[in-house]
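Computed from a prediction, not measured in an experiment: that's the story for all the values here. Chain letters run A, B, ... following the sequence lines, proteins first and then strands; every chain starts at 1.
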Number of protein chains: 2
Amino acid sequence: MTDSLFSPVPDPSARQARGAGAAVAEGLATAIHEHRLTPGMKLGEDEVGAAFNVSRTVVRAALQTLAHEQLVSIAPHRGAFVAQPDMREAREVFEARALLEPRTAHSAALRATPADIALLEAHISAEHDALAAGETGRALRLSGQFHLDIARIADQATIAAFIANLVSRSSLVIALYWRRRNAICESNAHHALLRALADGNGPEAEALMKSHLVDLLSLLDLSPGARPARTLAEALGKP
Amino acid sequence: MTDSLFSPVPDPSARQARGAGAAVAEGLATAIHEHRLTPGMKLGEDEVGAAFNVSRTVVRAALQTLAHEQLVSIAPHRGAFVAQPDMREAREVFEARALLEPRTAHSAALRATPADIALLEAHISAEHDALAAGETGRALRLSGQFHLDIARIADQATIAAFIANLVSRSSLVIALYWRRRNAICESNAHHALLRALADGNGPEAEALMKSHLVDLLSLLDLSPGARPARTLAEALGKP
DNA sequence: GTCGCTTTGATTGTGTACGATTTCGTATTC
DNA sequence: GAATACGAAATCGTACACAATCAAAGCGAC
């Protein structure tokens with residue numbers, strides 16, 4: 001059952017650094033980013049190990065890695081689960097992004113080379129294609145990659161790492177608190193951002209990024225009386 | 001030999017959550033923060049395990065935790081070493097702090113309760129005492145704790161976690177690139193900050209924090225032709 | 001029929017053993 | 001005499017096995 005989830009690993013040659021543990025972590029992370037693993041799902045060590053054909057030792061390392069990125073939460077003697085950020089954490093994640101990413105976009109606009117622009121264009125195009133093909137999971141992951149690449153262009157590895165963490169967690173937040181399921185077609189913002197970056201227009205890139213993130217936050221349902229997440233609905237509705 | 005380094009763990013009841021691994025990580029982290037473990041030192045798994053009376057399994061988990069916080073760097077098949085951030089990373093760490101902490105101080109000033117102020121006062125006092133007693137390591141760690149507590153008062157757990165990471169790494173940067181060894185007596189800045197926080201003066205707290213961080217950065221020796229760190233000098237001069 | 005306790009099952013936490021890889025010391029050769 | 005190649009020791013990476021712990025099922029009492 002879980003084999004079908006993990007076997008088509010998108011990038012098998014991603015990193016083999018530090019053994020196979022990183023590969024497992026990468027596979028699980030992309031599965032989470034693509035919403036094939038939804039918040040609250042249990043990640044049993046034997047189960048994951050069987051899916052990746054590795055032993056529990058390496059699975060444990062991978063889960064710990066993901067726990068440090070706060071993509072999974074480990075309950076002592078209970079196991080690892082895909083994290084379920086509460087509304088407070090959800091708000092904080094986007095607030096932190098609103099604090100970090102605009103200035104990063106500004107820097108990126110001043111440093112972007114034609115090669116960078118081409119890479120971003122390819123990303124947007126791939127995202128569009130995935131969306132057209134109905135693969136909303138892939139589209140969502142590529143959308144995150146877009147933000148991540150901007151941070152990388154800004155050439156601030158430390159802040160880029162923070163943004164990578166926040167983007168990952170945003171995927172969980174979206175899975176839990178997204179309002180309208182089907183409409184993720186706000187790639188206009190990405191197009192506008194790309195234009196500002198290509199023009200080297202720092203202030204505009206900064207403003208566009210800020211408004212983009214505000215828009216994203218406004219599309220979340222963080223009303224105080226909202227559902228306490230679909231913990232049981234998901235856990236019981238799936239198998 | 002290493003037993004003498006680790007046995008007097010400052011806070012044995014810190015967290016026993018998630019087994020003993022967290023305790024080992026905490027012990028190593030405080031040792032690094034207090035500059036008792038200096039950048040470049042090797043952290044052999046058996047060695048650390050013997051020091052804490054735990055097996056390699058838990059040591060490995062602890063080292064991986066610290067590696068994710070970038071306090072130690074793990075070289076495949078070589079072992080774990082206390083991280084040696086290069087000058088670029090050193091600059092980035094303080095740039096990131098300058099981006100995050102001022103606004104956090106602003107928020108903290110608006111939310112600080114009398115109990116919070118008392119806690120900060122106690123921290124400053126303890127730092128002063130440690131400095132007077134010649135325990136520069138302890139003083140340095142407490143100085144970091146001061147910044148961390150401000151972030152906690154601001155009630156932004158996500159950003160506070162980032163700041164905690166940056167403060168930790170700052171300790172490594174200071175160990176490597178500090179200019180004048182003996183003069184760390186700039187606790188005046190902390191006093192002024194405390195005053196602004198107690199008065200609930202957000203803008204002043206923000207400005208003070210910013211200038212404080214700029215001062216700290218200016219006290220580092222990040223000239224391009226500086227020494228390539230004291231890797232061997234420290235490793236050979238200590239024992 | 002429902003609540004509480006006990007037992008059983010499964011899963012995680014930890015320790016240990018074996019294999020792979022690197023490194024350091026030594027001997028050999030140019 | 002210096003550089004290189006080889007061998008041995010040490011260390012890390014992974015797998016497996018046992019013990020501790022928790023959750024749920026089974027049973028009994030109210």
Applying ring pair (Phe, Tyr, Trp, His ring centres under 6.0 Å), can you list everything that pairs with B:His33, at least two apart in sequence or on another chain? none
Whole-Å distance, A:Glu45 CD to C:dT14 P, equals 11 Å
Where do B:Thr65 and A:Gln64 land on the side-chain hydrogen bond (donor to acceptor under 3.5 Å, both in side chains) test, with the steps shown first? CA-CA 8 Å; B:Thr65 296; A:Gln64 202 178 334; 3.1 Å; yes
Drop me the distance from A:Leu100's CG to B:Leu100's CG, to the nearest 0.5 angstrom. 5.5 Å
Length of the line joining B:Phe52:CZ and C:dT14:C1', which is rounded to integer Å: 17 Å
Tell me: CZ of B:Phe81 to C1' of D:dC12, nearest whole Å? 11 Å
NE2 (B:His35) and CG (B:Leu172) are apart, to the nearest 0.5 Å, by 7.0 Å
Figure out the CG/P separation between A:Asp46 and D:dA17, and round it to whole Å. 13 Å
Report, one pair per line, the protein and nucleotides 22-25 of chain C atoms (nitrogen or oxygen only) whose separation is under 3.5 Å.
residue, atom, partner, partner atom, Å
C:dT23, OP1, B:Arg78, NH1, 3.4

The reported gap from CZ in A:Phe94 to CD1 in A:Ile174 (rounded to nearest 0.5 angstrom) is 5.0 Å
Is there a donor-acceptor pair closer than 3.5 Å between any side-chain N or O of A:Gln145 and the backbone N or O of A:His123? no
Would you check if A:Val58 and A:Phe52 make a side-chain contact, meaning some heavy-atom pair closer than 4.5 Å? no
Would one find a side-chain N or O of A:Arg56 under 4.0 angstrom from OP1 or OP2 of C:dT12? no
Any sub-3.5 Å donor-acceptor pair from A:Asp116's side-chain atoms to A:Thr113's backbone N or O? yes
Rounding to an integer number of Å, can you tell me how far A:Glu47 CD sits from C:dT11 C1'? 12 Å
Got a donor-acceptor contact below 3.5 angstrom from the B:Ser143 side chain to the B:Ala139 backbone? no
Taking CD1 from B:Ile74 and C1' from D:dT11, how many angstroms apart are they, rounded to a whole number? 13 Å
Under 3.5 Å between N/O atoms: give me all the protein pairs with nucleotides 5-10 of chain C, atom names plus distance.
none

5'-most contact on DNA chain D (nearest-nucleotide basis), B:Lys42 vs B:Thr57, goes to B:Lys42
